[in-house]
Amino acid sequence: MADRAQPVARTLATGGVPAALLLALTLGTLAFVAVRADGFSALGPADWVAVRFTLWQAFLSALLSSLLAIPVARALARRRFPGRGLLIALLGAPFILPVIVAVMGLLAVFGRAGLLNDGLALLGIPPVSIYGLGGVVLAHVFLNLPLAIRLLLQSWLAIPAERFRLAASLGMGPQEVSRFLERPMLRAALPGIFLAIFLVCLTSFAVALTLGGGPRATTVELAIYQAFRFDFDLGRAALLAVIQATLSLTAAIIALRVTVPAAFGAGLDRPIERWDATGGLLKLQDTTAILLAAAFLVMPLAAIVLRGLPALATLPGPVWQAAARSLTVALASMSLTIALALPLAIATARARSGLARGLDSLAMLPLATSPLVLGTGLFLVLRPVADPVALALPVTALANATLALPFALRILLPAAHAAEADFGRLADSLGMSGFARLRLMTLPRLARPLRYSAALAAALSMGDLGVIALFSDPDHATLPLQLYRLMGAYRMSDAAGAAVLLLLLSFTLFWVLDRGGRPDARA
Amino acid sequence: MRLSPMIAGFLSALAPFAALAEEKPVLTIYTYDSFVSDWGPGPAVKAAFETYCACTVEFVGAGDGAALLARVLIEGADSPADVVLGLDTNLTAEAAASGLFAPHGQNPELDLPVSWSDPLFLPYDWGYFAFVYDRTKTVSVPADFEALAASDLKIAIQDPRSSTPGLGLLLWVRKAYGDRAAEVWSALSDNIVTVTPGWSEAYGLFLNGEADAVLSYTTSPAYHLIAEGDDTKAAMPFTEGHYLQVEVAGRLAASDTPDVADRFLAFMTTDAFQSVIPETNWMYPAKTPAGGLPMGFETLVIPSEALLFTADEARDIREKALAEWQTALSQ
């Protein structure tokens with residue numbers, strides 16, 4: 001490594017500020033809650049049942065999402081068909097929906113009164129119930145499979161075209177290509193993807209509760225909720241949050257340890273041609289994977305749109321105001337996410353492996369943080385110095401940016417690593433550093449993933465109910481909060497309309513930001 | 001697409017905050033989120049009280065009733081709130097024990113199904129918990145919990161750990177069946193489609209056909225009747241009686257405008273406040289306004305008996321009732 005001379009100093013200079021901010025927002029807020037506690041009561045057997053259920057459902061959800069993503073991402077990577085770009089863009093949609101909207105969409109397909117059971121009834125088959133572990137995992141896969149596909153697809157397309165050309169000229173068939181090119185790539189990309197989904201599901205609250213069917217499906221996040229609001233016991237909440245964070249960090253360390261970075265070397269960004277995938281059976285396999293995934297993801301979305309469309313035109317004024325507010329928050333959160341993620345990604349890519357792993361796990365912390373603890377901690381921190389209610393929107397943007405950061409980093413890191421490995425030495429030998437290096441080497445190599453992470457951060461923020469619910473006043477409701485308020489006021493059809501508005505806005509935002517970054521090798 | 005509200009909405013949201021230096025005292029009221037929403041009682045109550053209090057009312061929404069209390073307990077004596085509005089009798093024992101609340105010193109005439117003598121908290125509305133169903137889909141209506149458990153009706157309920165109606169249901173079963181509550185829950189467990197985090201999710205599931213009935217209020221059908229002209233929703237009258245939810249407000253002892261706060265509590269039981277309640281909160285007003293209840297409320301089920309634990313009883317039984325609920329439903 002050419003930057004062996006002063007790696008730590010440089011890494012700290014670049015990544016230090018975002019890393020410190022991350023620590024403050026995650027472990028810092030947790031510490032604040034703990035400090036305010038009057039004492040720590042011991043955890044009971046019910047808490048350990050919750051821990052077990054939480055781990056198990058998160059493991060299953062992450063495993064299924066990661067495994068199912070492989071055939072779909074592979075198919076999308078090696079096929080071109082009309083509507084491919086739209087489908088890839090649509091993959092962004094489930095992940096950015098407010099949970100309750102996604103759940104209602106899923107139920108329209110898989111619920112007791114859903115399409116699936118209607119179909120089964122026609123065939124004389126008794127209805128199936130998804131409530132329970134099955135429903136929780138189904139919803140988590142629905143929410144996270146698209147993210148897994150998208151991340152994997154990006155890694156697939158990052159294999160330089162020259163490698164496939166070489167494979168073809170060596171006469172490699174699909175099996176050899178899979179062994180020498182695709183498996184090393186999966187080995188590098190999958191653990192991180194698995195981890196991100198595992199952590200998201202670890203703090204699951206509304207999905208697990210709504211589809212879990214009852215107290216059997218109690219998660220740690222619900223136990224934290226209970227400690228806060230039912231028992232008014234900050235100590236217990238903090239203790240549970242520590243357990244949650246410990247589980248997450250352990251998972252992060254394991255996942256990052258089994259990651260083996262792939263080394264494909266530099267390419268010239270030529271269009272990828274896949275000589276290995278012309279067989280009829282492979283085509284059939286890919287078509288099936290794409291069709292199944294599309295049906296699974298698009299049907300609930302279509303149900304949401306159909307249900308809400310009639311009310312869209314007549315949505316009351318406050319909903320539109322909230323939409324404007326949410327857009328502002330989303331753009332602020334997006335800028336903040338990129339401002340934090342880019343230096344962190346560059347620092348991680350340049351650092352020696354130990355430090356890099358440290359930074360990488362640190363960036364996963366927000367996923368391990370209970371949103372309720374984060375919100376309450378922020379509230380306790382802010383209260384002595386400012387009116388938290390007046391700061392509701394900036395705080396929401398900050399919290400959203402923190403929560404989007406792990407995803408942004410997952411997206412940026414592979415490209416940052418590749419840029420550093422492939423062109424870092426050249427840049428060093430030319431004496432490029434600082435801004436020139438960023439402009440001439442890093443940014444061009446990171447353009448696509450940067451747009452994708454910006455799009456994801458903005459859309460995530462758009463759909464997040466998050467901390468605004470803890471700080472709300474009548475004049476600062478965001479669109480997701482307004483949606484919940486409509487539901488709370490019996491106005492379910494207006495709420496369905498607001499859900500469509502939210503979906504359209506998030507999706508448009510995502511589309512506009514991500515367009516140039518569409519992972520299309522022919523772009 | 002209707003353009004005017006959209007444009008007006010964008011403009012007003014993007015307009016800079018008009019910071020007006022005001023001399024008038026500010027009355028800060030903490031309440032649950034649905035009270036402050038544009039579709040709740042908040043806007044009308046604010047306008048009505050401001051016309052004669054020479055003050056500015058500032059509502060702050062904090063989740064639901066339990067989140068509201070948690071917020072006040074965290075903030076303690078230096079809370080900026082003057083009035084806390086939206087606790088129910090299942091939460092007031094904790095609130096009273098905190099010592100943060102001051103006596104209201106009032107004795108207004110109320111129209112509650114129970115007598116009221118709490119020195120710290122004054123009711124502003126109330127309702128009976130009930131299972132709401134669709135009359136066109138369910139013909140044979142169970143007359144009590146045991147009949148419900150024996151039926152094959154599917155119900156959606158709320159989690160008592162995260163929802164005040166959920167907690168209300170827990171206490172309802174306990175009050176009606178005493179030590180047989182665990183047995184009733186066991187029998188009910190196969191009727192429960194799912195347990196949601198809050199009222200909205202459960203009600204949404206019911207309206208989307210996921211459940212035959214949902215735990216809500218006897219007043220819920222009034223919304224559908226009055227706002228939507230839909231008379232298909234009805235509440236199931238249960239012979240063992242219905243548990244009450246009485247929603248109350250109290251003044252914080254550390255309020256910096258105690259006079260205005262007390263005036264607000266007095267205002268709360270007058271017609272100007274009470275007449276807003278039925279068609280925004282969809283509950284019964286604590287004091288029926290001179291104009292009576294809105295048309296449509298006369299169609300609602302009136303339970304034969306009102307059940308209610310006192311605040312202290314509710315606090316003492318809560319943990320035990322929760323444990324038996326969890327055990328019964330985890331099998």
Side-chain angles (χ1 to χ4, degrees), chain A residues 36 46 49 100 103-104 107-108 111-113 129 131 205-206 209-216 222 225-226 228-230 232 234 312-325 328 376 379-380 383 387 389 469-470 472-474 477 481-482 484-492 495, chain B residues 1-2 5-6 8-10 12-14 33-34 36-40 42-43 58-63 66-67 69-71 73-75 80 94 154 159-162 167 189 192-197 199-201 203-205 207-211 220 223-224 227 280 282 322 325-326 329-330:
Chain A
R36 278 295 309 267
V49 173
I100 184 62
V103 166
M104 290 297 176
L107 287 175
R112 282 186 72 231
S129 168
Y131 297 94
F205 171 62
L209 202 44
T210 308
L211 293 174
R216 260 169 310 221
L222 173 61
Y225 217 75
Q226 178 186 352
F228 261 121
R229 306 163 16 114
F230 192 88
F232 310 108
L234 286 182
L312 185 61
T314 52
L315 279 178
V319 176
W320 295 104
Q321 291 166 19
R325 242 174 260 129
T328 318
T376 309
F379 177 79
L380 291 173
R383 226 172 66 78
D387 176 12
V389 177
L470 294 173
S472 71
D473 69 9
L481 182 60
Q482 217 56 310
Y484 271 86
R485 285 181 175 173
L486 283 166
M487 286 183 78
Y490 288 91
R491 294 167 190 261
M492 300 291 170
Chain B
M1 193 170 293
R2 258 194 352 181
M6 189 168 95
F10 270 77
S12 69
L14 296 175
D33 194 68
S34 65
V36 304
S37 99
D38 294 283
W39 306 279
E58 262 184 29
F59 280 114
V60 175
L69 177 55
R71 168 82 160 263
L73 293 183
I74 284 180
E75 291 188 343
E94 259 97 2
K154 294 288 182 187
D159 198 307
R161 295 168 290 178
S162 60
L167 182 56
S189 66
I192 296 169
V193 178
T194 198
V195 181
T196 65
W199 176 90
S200 304
E201 291 89 350
Y203 210 81
L205 288 181
L207 288 184
N208 288 338
E210 283 298 300
S220 300
Y223 170 80
H224 299 283
T280 52
W282 301 100
L322 180 69
W325 176 85
Q326 260 173 303
L329 295 192
S330 293

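Convention: sequence-line order gives letters A, B, ...; per-chain numbering from 1.
- Residues A:Q226 and B:L322 come closest through the heavy atom pair NE2-CD2, 3.4 Å.
- Between A:V103 and B:E201 the shortest side-chain heavy-atom distance does not fall below 4.5 Å.
- The minimum heavy-atom distance linking A:P215 with B:Q326 is given by the pair CB-CG, 3.9 Å.
- Only the side chain of B:D159 has a heavy atom closer than 4.5 Å to any heavy atom of chain A.
- Residues A:L481 and B:D33 approach most closely at CD1-OD2, 3.7 Å, considering heavy atoms.
- With a 4.5 Å cut-off on non-hydrogen atoms, B:S189 does not touch chain A at all.
- Between chain A and the options B:P160, B:A66, B:P197, the largest number of non-hydrogen pairs under 4.5 Å is found for B:P197.
- Between A:Y490 and B:Y223, the ring-plane angle classifies as parallel under the 30° and 60° cut-offs.
- The part of B:E94 that comes within reach of chain A is its side chain, from C-beta onward, which places non-hydrogen atoms under 4.5 angstrom from that chain.
- For the side-chain contact (heavy atoms from CB on, under 4.5 Å) test, residues two or more places apart in sequence or in another chain that qualify with A:Y225 are A:F205, A:L222, A:R229, A:L372, B:S162.
- Put simply, the side chain of B:I74 reaches to within 4.5 Å of the side chain of A:T376, judged on heavy atoms.
- Listed options B:L207, B:L167, B:L205, B:I192 were ranked by heavy-atom pairs under 4.5 angstrom with chain A; first place goes to B:L205.
- Comparing B:N208, B:L69, B:T196 by heavy-atom pairs within less than 4.5 Å of chain A, the highest count is held by B:N208.
- Under the salt bridge (Lys or Arg N to Asp or Glu O under 4.0 Å) criterion, B:E210 pairs with no residue at all, not counting sequence neighbours.
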Query raised in the report: Which is it for B:D38 and A:Q482 under the side chain to side chain contact (heavy atoms under 4.5 Å, CB included) test, yes or no, and what are the steps along the way?
Result: CA-CA 9 Å; B:D38 294 283; A:Q482 217 56 310; 3.4 Å; yes
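- Pairing each heavy atom of A:A113 with each of B:G209, the nearest pair is CB-O, 3.4 Å.
- Proximity of A:P318 to B:W39: side-chain heavy atoms (C-beta onward) are separated by under 4.5 Å at one or more points.
- Across A:A495, A:G488, A:G213, the residue that shares the most heavy-atom pairs under 4.5 angstrom with chain B is A:G213.
- Listed here is the closest heavy atom pair of A:F379 and B:R71: CZ-NE, 3.1 Å.
- Of all heavy-atom pairs spanning B:S200 and A:M492, the tightest one is O-CE, 3.8 Å.
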